[in-house]
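Heads up, the thing below is written out as structure tokens.
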Amino acid sequence: MSTKNIVILGIESSCDDTSAAVIRDGILLSNVTASQSVHEAYGGVVPELASRAHQQNIVPVVSEALKRAGVSRGDLSAVAFTRGPGLLGSLLVGTSFAKGIAQALGIKMIDVNHLQAHVLAHFVSEGIEGERHPSFPFLCLLVSGGNSQILLVKSYKEMSIIGQTIDDAAGEAFDKCAKVMGLPYPGGPHIDRLAKQGDPKRFKFAKPHIPDFDYSFSGLKTSFLYFLRDEIAKNPDFIEQNLPDLCASLQATIIEILMSKLRLAASQYNVNHIALAGGVSANSGLRDAFVKYGEESGKEIYIPKFSFTTDNAAMVAQAGYFKYLDGDFCDMNLAPYARVTV
Ligand code: KG4
């Protein structure tokens, strides 16, 4: 099989972002994402509405990705799509689209694990000089709305979970605490913005005592909720009067929980390359903590570009490209899955 002029169309539709990307010979040519504002009014993603919006968005998003890449349908070597985990109705839209285009063009199909794709976002290349990519083996802290995991990444397809949340994900902790403070969904970016003007040491919240490298965020959420309830009983305007300090203190607690386990894992597994991935990796405090950790420990730190932190098809196309080189294709009768780990 020739490894030249391989053009992969990537499709991502696992949650509330419809995204398509084109990679030629390992270089990203386009990455187009339509986000769904319809969920804002509900304080969280409504699965039924997400599927409908994917149906509306998928054709224009793919057309735009091909157009921006300067690629026609006939140039495609394969279509890579997110098979899971995610919302089943959302995944069905991307999976069905991939089957349709593969059948129509007579090209190969490649199924991609969404979590592995987040990790492999670190290998997306835009052909820019000075790009850095982690070397195997490396540790990856994958933090999103649905997952908080520490992964030992031995190769692009060999990843093992060495620690993960036993309840809520870090993104969920951001979003649920934001909701309690009356901030819009998703709350993570709002907490990040407000935290910049606040004092991270002003309030103290409960940190979990969980063995090994696992995480827990439900105790923090409860402690935050009870703290606010008690303070509001004394002063009904407590949240409005202390919003930046609340956000800064909460964010600092989440970051400290994430980083303490990561530091422990890095020293136990003795790896020198440490990466960050997933939607919460957009958090400026977490990014700063990562940089600081790199400076203090001498480890090589990899932080994704903002466009590759939240759900995007570039990472799916990249994962697909690796599988294409391995001849690892799937057939037409496979179905998406809602739940799975890496
Ligand atoms: O990976 P992702 O796009 O999707 C899913 O998990 O489905 O992650 C979304 C999560 C949300 O919980 C959102 O609040 C969080 O990432 N997030 C942030 C920031 N940007 C997005 N959390 C904290 N700070 C941010 N700047």
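Counting starts at 1 for both ligands and their atoms, in listed order. Because the structure is a prediction, the values reported are computed rather than measured.
In summary, the atoms of ligand 1 found under 4.0 Å from a heavy atom of Gly146, numbered by their order in the structure, are 6 (O). Taking a cut-off of under 4.0 Å to the non-hydrogen atoms of Gly171, the atoms of ligand 1 that pass are 12 (O). Near Thr310, meaning under 4.0 Å from any of its heavy atoms, are these atoms of ligand 1: 3 (O). Listed by atom number, the atoms of ligand 1 under 4.0 Å from Asp311 heavy atoms are 1 (O), 2 (P), 3 (O), 4 (O), 7 (O). Less than 4.0 angstrom separates some heavy atom of Gly188 from each of these atoms of ligand 1: 14 (O), 18 (C), 19 (C), 22 (N), 23 (C), 24 (N), 25 (C).
Between Leu76 and Val71 the shortest side-chain heavy-atom distance falls below 4.5 Å. Residues Asn242 and Arg202 are in side-chain contact: their nearest non-hydrogen atoms beyond the backbone lie under 4.5 Å apart. Contact annotation: the side chain of Glu172 never approaches that of Thr165 to less than 4.5 Å [non-hydrogen atoms, C-beta and beyond].
On a distance-only criterion, Gly145 and ligand 1 share at least one N/O pair closer than 3.5 Å. The shortest N or O to N or O distance between Asp192 and ligand 1 is under 3.5 Å. Considering backbone and side-chain atoms alike, Ser284 places every N or O at 3.5 Å or more from each N or O of ligand 1. Not a single N or O atom of Glu172, backbone or side chain, sits closer than 3.5 Å to an N or O atom of ligand 1. Between Pro186 and ligand 1, no N or O atom pair is found at a separation short of 3.5 Å.
For Ser284 and Asp192, the side-chain atoms include at least one donor-acceptor pair closer than 3.5 Å. A donor atom on one side chain and an acceptor atom on the other are found under 3.5 Å apart for Asn5 and Arg24.
Using the six-membered ring where Trp is involved, Phe123 and Phe138 have ring planes that are tilted, between 30° and 60° apart.
The neighbour count for Arg229 CZ, taken as heavy atoms of other residues, nucleotides or ligands under 6.0 Å away, is above 12.
Looking at Asp175 against ligand 1, only its side chain comes within 4.0 Å, counting heavy atoms.
Distance from atom 15 (C) of ligand 1 to its nearest protein heavy atom, with residue and atom name: Val280 CG2, 3.9 Å. Looking only at heavy atoms of the protein, atom 24 (N) of ligand 1 is closest to Asn283 ND2, 3.0 Å.
Salt-bridge annotation for Glu256 and Arg263: present, with a side-chain N of the basic residue lying under 4.0 Å from a carboxylate O of the acidic one. One finds no salt bridge joining Lys292 and Glu295 here, because no Lys/Arg side-chain nitrogen approaches an Asp/Glu carboxylate oxygen to under 4.0 Å.
Around atom 17 (N) of ligand 1, the closest heavy atom drawn from Gly279, Ala195, Ala178, Ala282 belongs to Gly279.
Tested against Tyr215, the residues Asp168, Leu141, Val143 include a single side chain to side chain contact (heavy atoms under 4.5 Å, CB included) partner, Leu141.
Heavy atoms of His118 come nearer than 4.0 angstrom to ligand 1 in at least one pair.
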